[in-house]
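Quick notes on the structure that follows.
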Amino acid sequence: MTIIELTSPAVEPLTLVEIRAHLRLETEEEDALLAALAIVAREHLEHETGLVLAARDFRLCLDDWPADGIVTIPRGPVRTVASVTVYDGDGEPQAVDLDGHLRDGEARPARLWLRAVPEPGRAMNGIEIEFSAGFGESGADVPETLKRAMLLHVAAMYATRGVVAAEAQPAVVPPSYDRLIAPFCRRGL
């Protein structure tokens, strides 16, 4: 299974106004640094939880269909499934009909079931599913608890900015961060 990010977020969940207010900064002098730290905080939180905070498009590549016919999509919440393509032995794409498909985009992981699916002819990545995921088009759609965790993370990274460069972050995660994100993390056995 391979996931490819097709588009970048149009907006970040945290605005510079929110970050400056949290840090009690009155000037815009460090906005470039704050924007970079906000991206690091989002990427770290998405990695920790498997969630997509800022809406964007992805491609999921599979070698074969699952035995039970239900495809699990490890990034979510899944908003839409745009297309499903299966490649034959010659590498020719075949579009899979999405009529009658079932999608549980809020499940963790999200699930997709399709009525009729052709078998892939390629041994690797013979199935491609393009989908959009994320809480919404703006930070207002992201749960406040996750935004609070990101603000704490940005503040911790900002406090160590002289010790650790922005591109070397996240080197610091505040103590309460794990407690805030815990309800959103998937735990495996």
Side-chain angles (χ1 to χ4, degrees), residues 1-16 18-19 22-23 31-63 66 71-82 103-112 124-125 127-161 163-189:
M1 174 185 320
T2 303
I3 293 188
I4 302 164
E5 188 172 314
L6 299 177
T7 58
S8 298
V11 297
E12 289 295 325
L14 294 178
T15 66
L16 289 171
E18 291 171 314
I19 296 169
H22 181 75
L23 297 174
D31 278 2
L33 172 63
L34 297 178
L37 294 177
I39 291 169
V40 171
R42 174 188 49 82
E43 289 174 346
H44 180 77
L45 182 57
E46 288 179 337
H47 175 75
E48 291 293 308
T49 63
L51 295 170
V52 178
L53 303 181
R56 54 199 187 277
D57 298 329
F58 295 88
R59 178 179 298 134
L60 172 65
C61 301
L62 303 170
D63 296 338
V71 176
T72 58
I73 302 173
R75 302 297 304 266
V78 173
R79 299 164 53 108
T80 61
V81 174
R103 174 180 53 88
D104 184 359
E106 295 298 321
R108 301 276 315 276
R111 300 176 299 167
L112 173 68
M124 292 190 301
N125 298 328
I127 302 165
E128 293 181 350
I129 300 170
E130 294 198 6
F131 65 97
S132 65
F135 283 104
E137 298 300 325
S138 74
D141 301 315
V142 176
E144 285 300 318
T145 303
L146 294 177
K147 288 178 69 171
R148 179 64 45 205
M150 289 176 56
L151 284 169
L152 290 174
H153 196 185
V154 168
M157 291 187 292
Y158 181 77
T160 61
R161 68 192 177 281
V163 178
V164 181
E167 54 273 2
Q169 293 289 358
V172 176
V173 177
S176 56
Y177 179 84
D178 289 334
R179 281 180 279 154
L180 285 171
I181 70 166
F184 299 92
C185 292
R186 288 185 302 209
R187 303 288 182 225
L189 296 178

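Since the model is a prediction, treat every value here as computed from it, not as a measurement.
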Original post:
What residues form a salt bridge (Lys or Arg N to Asp or Glu O under 4.0 Å) with D57, not counting sequence neighbours?
Top reply: none

Subject >> Residue pair A54 / P9: nearest heavy atoms and the distance that separates them >> reply: CB-CB, 3.4 Å

Original post:
Mind checking whether T2 and L60 have side chains closer than 4.5 Å, heavy atoms only?
Top reply: no

Subject >> Y177 ring center within less than 6.0 Å of H44 ring center >> reply: yes

**OP:** Before accepting this row, confirm whether a basic side-chain N of the pair R59/E5 lies closer than 4.0 Å to the acidic partner's carboxylate O.
**Re:** no

Original post:
Under a 4.5 Å cut-off applied to non-hydrogen side-chain atoms, are E130 and L6 in contact?
Top reply: yes

Subject >> Gap separating the CG atom of L14 from the CE atom of M150, nearest 0.5 angstrom >> reply: 4.0 Å

Original post:
When rounded to the nearest 0.5 angstrom, what distance separates CD1 in I3 from CD1 in I73?
Top reply: 8.5 Å

**OP:** Sequence neighbours left out, what passes ring-ring contact (aromatic ring centres under 6.0 Å, His included) with H22? Give chain and number order.
**Re:** none

Original post:
Is there a side-chain contact between L23 and L151, using heavy atoms and a 4.5 Å cut-off?
Top reply: no

**OP:** With sequence neighbours left out, write down each residue that passes side chain to side chain contact (heavy atoms under 4.5 Å, CB included) with E106, or none if nothing qualifies.
**Re:** P77, D104

**OP:** Would you indicate whether the side-chain heavy atoms of I4 and F58 approach each other to under 4.5 Å?
**Re:** no

Original post:
Below 4.5 Å, heavy atoms only, C-beta onward: do M1 and P74 meet side chain to side chain?
Top reply: yes

**OP:** Could I get the full list of side chain to side chain contact (heavy atoms under 4.5 Å, CB included) partners for R179, not counting sequence neighbours?
**Re:** S176

Subject >> All side chain to side chain donor-acceptor pair (under 3.5 Å) counterparts of E128, not counting sequence neighbours >> reply: Y87

Original post:
Which residues satisfy the side chain to side chain donor-acceptor pair (under 3.5 Å) test with S132, sequence neighbours excluded?
Top reply: T80

**OP:** Can you sort out the partners of D63 under side chain to side chain contact (heavy atoms under 4.5 Å, CB included), two or more places apart, ordered by chain and number?
**Re:** M124, N125

Original post:
Taking only residues two or more places apart in sequence, or in another chain, which ones meet F135 in a ring-ring contact (aromatic ring centres under 6.0 Å, His included)?
Top reply: none

**OP:** Keeping to residues at least two apart or across chains, list the salt bridge (Lys or Arg N to Asp or Glu O under 4.0 Å) pairs with something in residues 32-43.
**Re:** E12-R42, R42-E46

